[in-house]
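Working notes for the structure below.
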Amino acid sequence: MKRKRILAALAAAAILGTSGCGIPQKDTSEYKITIVTDTGGVNDQAFNQLAWEGLQEFAQEKEAVASYIESKQASDYVTNLDRATDGFNDLVWGTGFAMADSMATIAKMNPDISFALIDNVVPGELFNVTSVVFRAEEPSFIVGYIAGRTTQTNKVGYVGAVKTDTSNQFEYGYSAGVAWAAKELGKEIEISVQMTESYADAAKAKAVANKMYSSGCDVIFHAAGGAGYGVIEAAKEWDKFVIGVDKDQSYLAPDNVLTSALKKVNVAIGMVCQMHMDGEEIGGKTISCGLSEDCVGIPLENPNLDPAVYEDAMKVMEQVKNGEIIPPKTPEQYEEFLGGL
């Protein structure tokens, strides 16, 4: 294994007293962290950008050294994670559910390095890997409720990227929130759902959104990563509402972003980095982040949102937070949820 060979070489150099021979040596006074992005890159206006911002915030506060490696395609994951092990990093992060198997492969090859994956569980419960997941169904339920309370056409939409367990949290949490609002209002609200099959194809996402808006939807929630920018562009052109994801995306369309389902990746990244730096035994564990941990929610400022709807949404959020409402995250849970309304 490459990492072990390097460490063995360092040990041999120390025994022989051959200092200054050009072998890289880790500066133990520095805490080094790096992140390997998925195909969205660090400027995706969403998940990866938040992760990188969180890493930078932590590094600045703790005087650590942060870096990133961008993946252009899924086949880069193993290569880039392997590259990250060459940097003598204390902690190597990966972003996104799709990197789980790749991280498991590299983590097994480098048992002396700590890894963490945000947004999925790495298989095998490896002792040197921490998995960080979000209860994304919680903020999705809140924005679904807001969409249901806001729609004038009684038609709303959801645009996702790839169908996964993680995307199900967004889709079914949102749909359940819409249903909760519909029951409260005593009416039926139609929900259109479509996937783009890409986290980067903004043109396809825009085409999907255009079709939804043209069919009568007046609010669309997107959870499609960088591709979601196309949904926001469509909302601007149709002068309809869009709900952002991961971060407050109102700056992308100040007149059209109704609210955003926040997945505070930056908060979770900083929290886990601190735990690792403090020497907590977090390897082999899965850390769940939701409303109770202040790792999800909606923005404090929502200028396009009716204040009365916002106040009611906050009441619903408190019900979710204290367990009175449990948003679904699977098709089966969604059907059960609807049956209980």
Under a 4.5 Å side-chain heavy-atom rule over Ile, Leu, Val, Met, Phe, Trp and Tyr, are [X] and [Y] clustered together?
X      : Y      : value
Val159 : Val257 : yes
Val245 : Val208 : no
Leu117 : Val121 : no
Val267 : Ile142 : no
Tyr251 : Phe221 : no

Taking atom [atom1] of [X] as the centre, report whether more than 12 heavy atoms of other residues, nucleotides or ligands fall under 6.0 Å from it.
X      : atom1 : result
Lys211 : NZ    : no
Leu300 : CG    : no
Glu336 : CD    : no
Glu324 : CD    : yes
Ile326 : CD1   : no
Asp306 : CG    : yes

Can you see which heavy atom on [X] is nearest to which on [Y], and at what distance?
X      : Y      : value
Phe97  : Asn120 : O-ND2, 2.8 Å
Phe115 : Ala107 : CE1-CA, 3.6 Å
Phe134 : Val265 : CZ-CA, 3.8 Å
Phe58  : Gly270 : CD1-O, 3.8 Å
Ser192 : Cys217 : OG-SG, 4.0 Å
Glu197 : Val162 : C-CG2, 3.9 Å

Would you please say whether a donor-acceptor pair under 3.5 Å links the side chains of [X] and [Y]?
X      : Y      : answer
Thr130 : His276 : no
Ser67  : Thr34  : yes
Thr196 : Asp201 : no
Thr330 : Asn168 : no
Ser71  : Asn80  : yes
Gln274 : Asp278 : yes
Gln49  : Glu53  : yes

Is the closest side-chain heavy-atom distance between [X] and [Y] below 4.5 Å?
X      : Y      : result
Gln333 : Lys329 : yes
Tyr310 : Ile146 : no
Leu258 : Asn302 : no
Leu126 : Lys108 : yes
Trp180 : Ile325 : yes
Ile118 : Phe47  : yes
Arg135 : Ser292 : yes
Met271 : Val132 : no

Q: Check side chain to side chain contact (heavy atoms under 4.5 Å, CB included) between Asp312 and all other residues, then give those that pass, not counting sequence neighbours.
A: Tyr145, Arg149, Lys315
(Q) Applying side chain to side chain contact (heavy atoms under 4.5 Å, CB included), can you list everything that pairs with Asp248, at least two apart in sequence or on another chain? (A) Ser250, Ser260, Leu262, Pro299
Using only atom types and a distance under 3.5 Å, with no angle test, would you say the side chain of [X] pairs donor to acceptor with the backbone of [Y]?
X      : Y      : result
Glu70  : Val42  : yes
Tyr31  : Ala59  : no
Glu171 : Gln169 : no
Ser167 : Thr164 : yes
Asn128 : Asn110 : yes
Asn304 : Pro254 : yes
Thr39  : Ala74  : no
Glu138 : Leu291 : yes
Glu237 : Ala234 : no
Asp119 : Thr95  : no

**Q.** Check against side chain to side chain contact (heavy atoms under 4.5 Å, CB included), Ile298 and Met317
**A.** CA-CA 10 Å; Ile298 66 171; Met317 181 181 291; 4.0 Å; yes
Kindly compute the distance separating [atom1] ([X]) from [atom2] ([Y]), expressed to the nearest 0.5 Å.
X      : Y      : atom1 : atom2 : result
Lys285 : Met275 : NZ    : CE    : 7.0 Å
Glu30  : Asn89  : CD    : CG    : 10.5 Å
Phe241 : Thr150 : CZ    : OG1   : 7.0 Å
Asp44  : Tyr199 : CG    : OH    : 11.5 Å

Q.
Applying the side-chain contact (heavy atoms from CB on, under 4.5 Å) criterion to Val219, which one of Thr259, Val156, Thr153 satisfies it?
A. Val156
Q: Return the orientation label for the Tyr334 and Tyr172 ring planes: parallel under 30°, perpendicular over 60°, tilted otherwise.
A: tilted
Q) Using the ring of each side chain (for Trp, its six-membered ring), is Tyr174 parallel, tilted or perpendicular to Tyr158, with breaks at 30° and 60°? A) tilted
Q: Walk me through it: do Phe141 and Val316 pass the test side chain to side chain contact (heavy atoms under 4.5 Å, CB included)?
A: CA-CA 9 Å; Phe141 186 89; Val316 171; 3.6 Å; yes
**Q.** Under-4.0 Å salt bridge between Glu318 and Lys321
**A.** no
